[in-house]
Structures are given as C-alpha cells and as structure tokens.
Number of protein chains: 2
Amino acid sequence: MQIKPEAVERCGDTVIHEETVNRVRELMPPDETLYDLAELFKVFGDSTRVRILWALDESEMCVCDIAALLGMTQSAVSHQLRHLKQAKLVTNRREGKTVFYSLADEHVRQVFDQALEHILEDRYE
Amino acid sequence: MQIKPEAVERCGDTVIHEETVNRVRELMPPDETLYDLAELFKVFGDSTRVRILWALDESEMCVCDIAALLGMTQSAVSHQLRHLKQAKLVTNRREGKTVFYSLADEHVRQVFDQALEHILEDRYE
DNA sequence: TGAATATATGAACATATATTCATATGTTCA
DNA sequence: TGAACATATGAATATATGTTCATATATTCA
C-alpha cells in the first residue's frame with residue numbers, strides 16, 4: 001500500500017501527513033493514561049525489582065530472605081519493596097519481627113510472560 | 001497457612017527460611033533473562049516512548065508526523081526512535097527523504113493491555 | 001552540482017534514581 | 001524495662017538518561 005500525499009506542506013511548518021496525524025491523535029488514549037502506563041513500566045524497568053517480583057511469584061518471602069536470595073543489602077531490598085508497594089504490586093503482612101511480602105496482582109505474571117516472548121523471539125532468530 | 005520455622009539462624013548470619021530461599025533460587029530464571037526483561041521494561045518506562053509505540057500501533061508514521069503529534073522536537077523523537085529500534089520494537093522503511101516507522105512486534109499491544117488492566121484496576125477501587 | 005528538506009547523531013546539561021551508610025522504628029523475650 | 005533483632009528510612013553519592021542545540025548525513029529536484 002502506498003502512502004498518498006495528504007498534504008504538500010513542509011515538515012517544518014505544519015505536518016506532512018496531516019490526516020494521519022489527526023486520525024491517530026483521536027485514537028490515542030488520554031495523556032494521563034499513557035503517563036501512568038510508563039510509570040508502571042518504570043517500576044518493572046529495574047533488574048532488582050524484576051527479580052523480587054519473580055521470586056514473590058514463586059513464594060511469599062520476608063525481606064531478609066529476599067536479600068539473601070539476591071545477594072543484596074537488606075536496606076537496598078527494603079527500598080525497592082517500598083517502590084513495589086507504592087505501585088501496588090506487592091503487599092505485606094507482619095508476623096512478629098518478620099514482614100512477609102507477596103504479589104498483590106495477578107497481572108504481573110502475564111505482563112512478564114508477554115515481554116519474555118518478545119525477548120526469546122529476538123534471541124533465536 | 002502458617003510459616004513453619006525452617007531454621008533458627010539469625011537473619012544477619014545465614015537465612016531465616018533457608019528451604020524457601022533454596023527452592024525459589026532453583027525456580028528463578030537465569031539472571032541474564034531477568035536482566036533482559038528489565039531492560040525491555042526500561043524501554044517501555046518512558047512516556048514519550050509509550051506514546052510513540054501507541055501511535056505506531058494505530059498507523060505507520062514518519063518522524064516529522066510523530067513529532068507534530070506529540071508536540072516534540074524532531075531530534076528528541078529521533079533519539080527515542082533509536083532506542084525503540086535497538087530494542088527491536090520498531091522498524092523503518094525509507095521513501096525518498098521520508099522515513100516511516102512502524103511496530104515490529106505484535107507483543108507490544110498485549111503487554112500494554114495487560115499493564116493497563118493493572119492500572120485501571122487500581123483507579124476504580 | 002547546489003539548494004532545500006527530512007532524519008540522525010554527538011556533546012552538554014539537567015534530572016532521575018539505585019545503592020550505601022547511619023540510624024530510626026517496631027517487635028519479642030528475658 | 002532493656003537488649004536483640006528485623007525492617008524502614010533519610011541523606012549522600014554515583015550513575016543513568018531524556019532533551020536541547022548544533023551539526024552531519026541522505027535524498028530530491030531544479
């Protein structure tokens with residue numbers, strides 16, 4: 001399919017394909033939604049948090065265990081758990097001195113699985 | 001279900017729940033995979049790139065059009081398109097002076113949809 | 001070939017953020 | 001109550017990154 005010239009204006013002035021731009025603009029979700037989406041992905045965009053989420057998908061764990069599993073400081077893990085909780089991706093319950101964290105959302109696994117497909121597809125081509 | 005004490009060691013020394021940690025450790029994917037996963041999400045974790053991807057999911061577009069749609073500099077858009085291409089999320093074809101970009105992966109939409117469910121779930125509770 | 005135009009890119013700057021360190025908070029138990 | 005321990009958190013630091021600006025590259029057309 002060829003792109004038909006919708007307008008003859010230069011790029012610098014208005015737009016080259018004005019109709020396309022206008023059509024897509026109407027189809028776009030509100031900026032706030034796309035901003036929230038990016039914010040959520042930003043939370044996923046750190047290997048420490050990804051590892052924590054993956055671990056919690058296997059089992060509820062306390063901070064100390066996560067730190068041991070990942071070979072990280074208790075403080076670093078605690079800071080990241082804070083982010084994950086703010087994003088409502090994990091919840092926690094206290095049992096004495098210990099605080100157990102677990103996944104708060106069943107979508108996480110599905111998002112990860114879809115993203116993994118993209119990665120694996122790239123690897124073996 | 002109660003957590004049974006698997007070990008009596010202190011957190012500082014070894015691990016509190018050693019069996020859990022060992023079990024989860026074996027279930028975890030290789031670090032490289034989780035690192036790649038985080039890298040991919042890092043690409044999604046910017047509202048400019050999310051908006052570009054969403055736009056391209058609606059229609060193939062040239063750099064100039066994307067810049068006009070988003071109200072951004074051509075340079076800024078071009079830089080971000082570079083990231084998206086490196087992540088193999090978009091491809092491009094040249095037609096004269098114009099370069100058209102389009103989605104390279106059908107998983108993007110699915111990942112976005114899953115993530116949106118999480119967001120919308122949070123909003124109306 | 002040279003002017004005009006669309007896109008790409010390197011350097012610089014400002015901002016965001018992950019980890020560390022020190023310390024505070026909360027809980028148990030003697 | 002006080003000691004021991006698990007977790008949380010504020011400040012500081014180092015690093016990563018998005019945008020801007022200037023400029024390079026690529027293509028068309030007279």
Side-chain angles (χ1 to χ4, degrees), chain A residues 3 5 7-17 21 35 38-39 41-52 60-87 90-102, chain B residues 3 5 7-17 21 35 38-39 41-52 60-87 90-102:
Chain A
I3 301 292
V8 284
E9 293 96 11
R10 290 166 48 250
C11 174
D13 288 350
T14 57
V15 191
I16 299 187
H17 312 94
V21 173
Y35 181 81
E39 286 302 301
F41 285 130
K42 209 170 285 182
V43 178
F44 289 149
D46 175 83
S47 59
T48 295
R49 289 191 290 265
V50 166
R51 290 192 297 161
I52 290 175
E60 178 189 59
M61 295 181 89
C62 72
V63 180
C64 169
D65 289 342
I66 299 172
L69 172 68
L70 305 186
M72 296 183 64
T73 307
Q74 171 270 323
S75 177
V77 171
S78 186
H79 276 296
Q80 298 302 348
L81 285 170
R82 189 132 114 49
H83 289 169
L84 293 172
K85 196 177 180 190
Q86 279 182 329
V90 304
T91 41
N92 55 12
R93 65 180 181 87
R94 181 175 275 273
E95 191 172 302
K97 286 175 293 186
T98 311
V99 177
F100 290 95
Y101 281 83
S102 58
Chain B
I3 301 293
V8 284
E9 294 97 10
R10 291 166 47 250
C11 173
D13 288 352
T14 57
V15 191
I16 300 186
H17 312 95
V21 173
Y35 182 81
E39 287 301 302
F41 285 130
K42 208 170 286 183
V43 178
F44 289 149
D46 175 82
S47 59
T48 295
R49 289 191 290 266
V50 166
R51 290 191 298 161
I52 291 175
E60 178 188 59
M61 294 181 90
C62 72
V63 180
C64 170
D65 290 341
I66 299 172
L69 173 68
L70 305 185
M72 295 184 64
T73 307
Q74 170 270 323
S75 177
V77 170
S78 186
H79 276 296
Q80 297 302 348
L81 285 169
R82 188 132 115 52
H83 288 168
L84 294 172
K85 196 177 180 187
Q86 280 182 328
V90 305
T91 42
N92 55 12
R93 66 179 180 85
R94 181 177 274 273
E95 191 172 301
K97 287 176 293 185
T98 311
V99 177
F100 290 94
Y101 281 83
S102 57

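Quantities reported herein were computed from a predicted structural model and do not represent experimental measurements. A note on names: the letters A, B, ... follow the listed sequences, proteins ahead of strands, and every chain is numbered from 1.
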Open item on the list: Between Tyr101(B) and dA6(C), is there a contact of a side-chain N or O with OP1 or OP2 at under 4.0 Å?
Closed with: no
Task: side-chain N/O Arg82(A) vs dT7(D) OP1/OP2, d < 4.0 Å - done: no
Do you know which two heavy atoms are closest between [X] and [Y], and how far apart they sit?
X        : Y         : result
Val43(A) : Arg49(A)  : O-NE, 2.6 Å
Asn92(B) : Tyr101(B) : ND2-OH, 3.2 Å
Cys64(A) : Ile16(B)  : SG-CG1, 3.9 Å

Atom pair distance, as rounded to whole Å: [atom1] in [X] and [atom2] in [N]:
X        : N       : atom1 : atom2 : answer
Glu39(A) : dG18(D) : CD    : P     : 12 Å
Arg51(B) : dG18(D) : CZ    : C1'   : 13 Å
Arg49(B) : dT19(D) : CZ    : C1'   : 12 Å
Lys42(A) : dA16(D) : NZ    : C1'   : 12 Å
Asn92(A) : dG26(C) : CG    : P     : 14 Å
Gln86(B) : dA16(D) : CD    : C1'   : 15 Å
His17(A) : dT7(C)  : NE2   : P     : 9 Å
Arg93(B) : dA8(C)  : CZ    : P     : 14 Å

Task: Closest nucleotide among dG18(D), dA8(C), dT7(D) to the Val63(B) side chain - done: dA8(C)
Open item on the list: Between Arg94(A) (side chain only) and Val99(A) (backbone N and O only), is there a donor and an acceptor less than 3.5 Å apart?
Closed with: no
- [ ] Kindly say whether Asp46(B) contributes a backbone atom to a donor-acceptor pair with the side chain of Arg51(B) at under 3.5 angstrom?
- [x] no
Less than 4.5 Å apart, any side-chain heavy atom of [X] and any of [Y]?
X        : Y        : answer
Val21(B) : Met61(A) : yes
Lys85(B) : Thr91(B) : no
Arg93(A) : Glu60(A) : yes

- [ ] Hey, can you tell me if His17(A) and Phe100(B) have their rings parallel, tilted or perpendicular (30° and 60° cut-offs)?
- [x] tilted
TODO: Write out the stems for DNA chain D, ordered by first number and formatted as range with range, counting runs of at least 3 consecutive Watson-Crick or G-U wobble pairs under 3.5 Å.
DONE: C:1-30 with D:1-30
- [ ] Assign Thr98(B) to base, sugar-phosphate, or nothing according to its heavy-atom contacts below 4.0 angstrom with the strands shown.
- [x] sugar-phosphate
Open item on the list: Strictly under 4.0 angstrom, non-hydrogen atoms only: write out the protein contact profile of nucleotides 20-30 of chain D, one letter per nucleotide from the 5' end, B, S or -.
Closed with: BBB----BS--
